[in-house]
Amino acid sequence: MSSLDNMLIQVRARLQAEKIRLWEEPYYSEDLGSIEGAIENLANEYAGILGFDENRCKFVLIELQENALRKLAARREYSSTGMATFKVRRIDKHSGVTMMDIKCDLNSLGSDLQAVIAEKFQLSKAEHVKCIAAGRMVASNATLAAQLLRNNQQLIVIVGVGDNKGEALYEKINRVKADVLAVVSSQNRLMEMEDQNGSPVFLPPAENRALLIALGFCEKARAAMAREDFEESLLLLLEADESFANCDSQFLESVDNYALLNLDIVWCYLCLKNVTQLPDAERRLAICGRSFRRSYGENFERLYSMKGKSCPERALIMRLQLLQGVVMFHQNLRNEAYERFEAANNLLRELKINGDQLVLLVEMGFEPSEARLALRSCSGQSNIESAVQFIEERRQQLKDARKQSKKERALQDRMRRSNANDCNWVNPRSVCTLTQMGFESGLATIALQRSNNDIPKAVELLENEMDTLCAALPGIRISADEDKLAQLLQLGFNKEDSLVALENASNNIEQAIESLVRSFTSEEELKEAFQRLGLMGTAGRPTSDGPSTSNAQTAPPSPIIETALKYARSELDTYKAYERFNSDISQTDMDYLDLPLIQEEKILHEYLNLLQQ
């Protein structure tokens, strides 16, 4: 933010207040163009009122006049040709910011706009262009009009072309998206929701899936933000925003995840120096503010009464107040902006910690993030023992909560799919568990189907709704085919699980193999099976340590081995996706509260200085 920008904001506001139109006489004539004398007189007047240099004030007036004339010309062209003009602001961390006018028919697809932009910026791949309009990514497969784009609209364009050291941002975002979807869809429940105390959060399957996808994008965006890669972070946050849109609005109102998403998006706008998204920033900060008031109280009294005046959530409040002040500053609401900046500054002073104490805690073996949070939570206390106690109590609280939740989850199916399309799949291991408890296999299968593989719920059904389950039993239950059972045993699957899988699949061996592969409970178990199957496929015979059966003289047919390898490979790919997903994710449960506040302090002082000019 420069002093020239500061001047432009104030001059524009005064022009609007006095209803002065620089594109009309006496400041502009269709025949003569800009009338310099009138502009100079106005510059002299405003320089005296606002305390600016006259020449710089004249420069600002001319720039505002030229912008107005460009918009007017674009409006006329749109009326005569139907071609809309977009003010495109390209952001690239390598080459900085570039501004350009782009023309495109509003009836064109988003992909057409991408192609025009790619040509203008001399980019080889149009699909690498990511357009953002009013806080939404422009979809490539819908018309611009259908996405409510309009003439003279300002767009952000993020390209992020790769170099020899890494992939292009386009490929990176697509890989992150694929990894998040794979992790969320995994049968191994690699990603689950917890509340702040470490207790599990249970939701209907479809909503659970949408929320996990959104939170997955948020985690990766936060990791990118920590690297100050704000282009990547903004794109991931907007992906999360689309996923949150599939969640129940009442649920979103009750949690702070959506509020934090909106706060992070506006933070990215600011770090990318993008004031063109001001209306969207104001909207998102309003959402965040309402959520904070609902959760924390009107003046945060509920938060302070529960967690004390030194709670680490103050860092989020500080960032919100700072961003609100920035938006007000650009709206020329200078008094209101100053009040927000002062409130943010007061919180910043309270949140500052002793650097020596932070170093000491890190040397004691604590993570920098948990050390910083502990020191902020124990501010005002004279020694470091309070911070150590805070960390240990927090760790124990999480350990106890997760221990309890582990007990609750131990009886549940670890391999349960989260989307509704897999509601008929039954984990053969869960069927075996219920048969070992004395329930009949067919009834156990139906109970697990109806309970979405939740064993406690299935037991409840078996105990309380036996007649209903019996009525749902098929007239003739198909027994497992002996030859196919032998093939599954040769592949190394457990006999009891294989029997159940074949019976549930009506002896469709491919479906049985898929069910068995999905029932593995660990990556190690899956890797062992994949290695064994690979050796079988190579050697054309069962391994020497495979199960001994009467039919184990020859290997199963090659297509059967390939089928098993296919499903095992798919599951292993999911684990690899999880490893990539988790590679840069903070393991601190409260990392979203761990704001170093270095950038915030710099921006705060910058805007306070501008207000004092």
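When reading the values below, keep in mind they use all heavy atoms of this one structure, side chains included, and skip hydrogens, waters and symmetry mates.
- Under a 3.5 Å cut-off, the side chain of Q114 and the backbone N or O of V129 do form a donor-acceptor pair.
- A donor atom on one side chain and an acceptor atom on the other are found under 3.5 Å apart for E282 and Q331.
- Judged purely by atom type and a 3.5 angstrom limit, D105 uses its side chain to pair as donor or acceptor with the backbone of N107.
- From Y296, atom OH reaches atom NZ of K307 across 7.0 Å, with rounding to the nearest 0.5 Å.
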(request) Apply side chain to side chain contact (heavy atoms under 4.5 Å, CB included) to the pair F329 and R340, showing each step before the final yes or no. (result) CA-CA 10 Å; F329 179 91; R340 287 291 191 280; over 6 Å; no

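- Looking only at distances, no side-chain donor or acceptor of K130 sits under 3.5 Å from a matching main-chain atom of Y170.
- For the salt bridge (charged side-chain N to carboxylate O under 4.0 Å, His left out) with K177, the qualifying choice from E171, E242, E239 is E239, the only one to do so.
- Residues E313 and L303 come closest through the heavy atom pair CB-CD2, 3.8 Å.
- In this structure a side-chain-to-backbone donor-acceptor pair under 3.5 Å is present from S305 to R302.
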(message) Using the rule given for side chain to side chain contact (heavy atoms under 4.5 Å, CB included), can you reason through L272 versus E231, listing the C-alpha separation, both sets of side-chain angles and the distance that settles it, and then say yes or no?
(response) CA-CA 8 Å; L272 291 171; E231 300 98 327; 4.0 Å; yes

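- Side-chain atoms of Q65 come within 3.5 Å of backbone atoms of Y27 as a donor-acceptor pair (strictly under, hydrogens ignored).
- Here D594 contributes atom CG and R372 contributes atom CZ; the two are 4.0 Å apart, rounded to the nearest 0.5 Å.
- Taken to the nearest 0.5 Å, the CG atom of L212 stands 11.5 Å off from the CG atom of L181.
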(request) Step by step, work out the salt bridge (charged side-chain N to carboxylate O under 4.0 Å, His left out) result for K220 and D179. (result) CA-CA 11 Å; K220 297 301 288 186; D179 287 348; over 6 Å; no

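- Between the side chain of R319 and the backbone N or O of L316 there is no donor-acceptor pair closer than 3.5 Å.
- Residue K103 holds its NZ atom at 3.0 Å from OG1 of T85, rounded to the nearest 0.5 Å.
- The two residues A223 and I585 make their nearest non-hydrogen contact at CB-CD1, 4.5 Å.
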(message) Pair H330, Y607 - check side chain to side chain contact (heavy atoms under 4.5 Å, CB included), show working.
(response) CA-CA 10 Å; H330 286 281; Y607 275 91; 3.0 Å; yes

(request) Any chance you could lay out the salt bridge (charged side-chain N to carboxylate O under 4.0 Å, His left out) test for D241 and R284, step after step, and finish with the verdict? (result) CA-CA 11 Å; D241 195 30; R284 291 187 182 278; 3.0 Å; yes

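- Side-chain N or O atoms of N6 include one that pairs as donor or acceptor with a backbone N or O of L610 at under 3.5 Å.
- Interatomic distance, CD of E228 versus SG of C271, reported as 7.5 Å (0.5 Å rounding).
- D112 places a side-chain N or O within 3.5 Å of a backbone atom of L109 that can act as its donor or acceptor partner.
- Across S34 and Y28, no two heavy atoms sit closer than the pair N-CD1, 3.5 Å.
- Atoms CZ and CG, on R14 and L61 in that order, are 12.0 Å from each other to the nearest 0.5 Å.
- Shortest non-hydrogen contact noted between L238 and G135 is CD2-O, 3.2 Å.
- For S80 (side chain) and E77 (main-chain N/O), a donor-acceptor pair under 3.5 Å exists by modelled atom type.
- Here the shortest heavy-atom pairing between V138 and G110 reads CG1-CA, 4.1 Å.
- Side-chain N or O atoms of R376 include one that pairs as donor or acceptor with a backbone N or O of L351 at under 3.5 Å.
- In this structure, L8 and F59 have side chains that are not in contact, with every pair of non-hydrogen atoms separated by 4.5 Å or more.
- Shortest non-hydrogen contact noted between A74 and N152 is CB-OD1, 3.4 Å.
- With sequence neighbours left out, the side-chain contact (heavy atoms from CB on, under 4.5 Å) criterion links N44 to E54.
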